[in-house]
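Comments concern the structure below.
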Amino acid sequence: MPVPDDWPSTEAEALAEQRRLRALVEPSGPGLADGALVAGVDVAYDDDADLVVAAAVLIDSATREPVEEVTAVGRISFPYVPGLLAFRELPTVLDALAALRGTPDLVVCDGYGLAHPRRLGLASHLGVLTGLRTVGVAKTPFVFGYEQPGAERGAWSPLLDTGTGEEVGRALRTRRGVKPVFVSVGHRIGLAESVAVTLALAPDYRLPETTRRADSLCRRALADALAGPRRGDSGLVPRV
DNA sequence: GCGACAG
DNA sequence: ATCTTGTCGC
């Protein structure tokens, strides 16, 4: 599946697109209902092969067991520029989500939502494009500041825009004594609800089960794609 | 002007 | 993101 033909190809176009979409983010909404299906999405790259592989994993929020797993392969359509990650990752992520038979009640992204220099990280961006509810769970604080949260699981502290003092997300401890994760609102969900969801999806590991599953899946799929057409493989169905 | 900088 | 050995701990 190709990249949308109106997809920004320059930084100036990308910045203009962020300006346009940021006004459409809805930063509030309820948490997870019983038996809700939560999707995890993640991406793996190989710049040399010009390959990007996205994975979408649908998980039952009650059992935390996957009910569906799909992947999508694409070409790299945008360079990595901090603050413009969505333009690099989302085209293939959208393909993966489209391949899902089920519809997620929430999508957990590997990165930020409102915790973004222009308040439109990839989680919020994905939410506005699809209308799906989204949250962002990142592994590093990006450009924001925070105080160390308490050591116990569930402890959190505000993630702050050091310029404005605004709380753009939360540093959340999902495991006792382990580095916190950084949660922010994506679309159509509140911050407290985003934190509760993240905690519920990460009972045993630092990262939510959704991102753990999506991460391992897209890595495997990328390795398969690279091993892909083997020597002697014409790519055609062999005739007798 | 020079770094830092989600993945 | 990705490149990478061994090591400490449950």
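Note that these values count all heavy atoms, side chains included, but never hydrogens, waters or copies made by symmetry. Quick caveat: nothing in here was measured; it's all calculated off a predicted structure.
Ion pair A:Asp204/A:Arg176 not flagged as a salt bridge, since none of the NZ, NE, NH1 or NH2 atoms sits closer than 4.0 Å to an Asp/Glu carboxylate oxygen. By the 4.0 Å N-to-carboxylate-O rule, A:Arg219 lies too far from A:Asp42 to be salt-bridged with it.
Side-chain polar atoms of A:Tyr146 and A:Glu167 form no donor-acceptor pair below 3.5 angstrom.
Note on A:Asp47: nothing from the nucleic acid sits closer than 4.0 angstrom, heavy atoms only. Nucleic acid contact class of A:Tyr45 (heavy atoms, under 4.0 Å, all strands): sugar-phosphate only. Looking at heavy-atom distances under 4.0 Å, A:Leu84 makes contact with a base. Heavy atoms of A:Ala44 sit under 4.0 angstrom from primed sugar atoms or phosphate atoms, though from no base atom.
The closest donor-acceptor contact from the side chain of A:Arg133 to the backbone of A:Leu32 lies at 3.5 Å or more, if one exists at all. Remark: side-chain polar atoms of A:Arg213 are not paired, donor with acceptor, to backbone N or O of A:Pro66 under 3.5 angstrom. Side chain of A:Asp105 to main chain of A:Leu37: a donor-acceptor pair is present (N/O by atom type, distance under 3.5 Å, no hydrogens or angles).
Using a 4.5 Å heavy-atom threshold, the side chains of A:Asp110 and A:Val41 count as separate. Using a 4.5 Å cut-off on side-chain heavy atoms (C-beta onward), A:Leu199 and A:Arg153 make contact.
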Go through the steps for A:Thr71 and A:Leu217 under the test side-chain contact (heavy atoms from CB on, under 4.5 Å), then give the verdict. CA-CA 8 Å; A:Thr71 60; A:Leu217 178 56; 3.7 Å; yes
Determine, stepwise, if the pair A:Val137 / A:Leu201 fulfils side-chain contact (heavy atoms from CB on, under 4.5 Å). CA-CA 11 Å; A:Val137 180; A:Leu201 290 171; over 6 Å; no
Hey, mind stepping through A:Leu132 and A:Leu126 against side-chain contact (heavy atoms from CB on, under 4.5 Å) and telling me if it holds? CA-CA 8 Å; A:Leu132 294 170; A:Leu126 176 65; 5.9 Å; no
Take A:His116 and A:His125 through the side-chain contact (heavy atoms from CB on, under 4.5 Å) test and state the conclusion after the steps. CA-CA 11 Å; A:His116 177 276; A:His125 196 139; over 6 Å; no
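Residues A:Phe87 and A:Trp7 share a closest heavy-atom pair of O-NE1, 3.0 Å. A:Pro149 approaches A:Arg173 most closely through the heavy-atom pair O-NH2, 2.6 Å. For A:Ile76 against A:Val52, the heavy-atom pair with the smallest separation is N-CG1, 4.0 Å.
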Listing, residues 182-190 of chain A side-chain donor-acceptor contacts under 3.5 Å, not counting sequence neighbours, or none:
{"unit_1": "A:Ser184", "atom_1": "OG", "unit_2": "A:Gly113", "atom_2": "N", "d": "2.8"}
{"unit_1": "A:His187", "atom_1": "ND1", "unit_2": "A:Glu26", "atom_2": "N", "d": "3.1"}
{"unit_1": "A:Arg188", "atom_1": "NH1", "unit_2": "A:Gly131", "atom_2": "O", "d": "2.5"}

In dot-bracket notation, what is the pairing pattern of DNA chain C, taking Watson-Crick (N1-N3 plus N6-O4 or O6-N4) and G-U wobble (N1-O2 and O6-N3) contacts under 3.5 Å, with [ ] crossing and | for other strands? ..........
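Taking the 5' to 3' direction, DNA chain C first and last meets chain A under 4.0 angstrom from a heavy atom at C:dA1 to C:dT2.
For the pair A:Tyr80 OH and B:dA4 C1', the interatomic distance rounds to 10 Å; values are reported in whole Å. The distance between atom CG of A:Asp110 and atom C1' of B:dG7, rounded to the nearest whole Å, is 7 Å. A:Arg219 places its CZ atom 12 Å from the P atom of B:dG7, with the value rounded to the nearest Å. One atom, CG of A:Leu85, and another, P of B:dA6, lie 9 Å apart when rounded to the nearest Å. In this structure, the CZ atom of A:Phe87 is 14 Å from the C1' atom of B:dA6, given to the nearest Å.
Contacts of residues 126-152 of chain A with DNA chain B (heavy atom under 4.0 Å): A:Ala138, A:Lys139, A:Thr140, A:Phe142. Contacts with DNA chain B (heavy atom under 4.0 Å) in residues 158-183 of chain A: none are found.
Listed by first residue number, the stems of DNA chain B with at least three Watson-Crick or G-U pairs below 3.5 Å amount to none.
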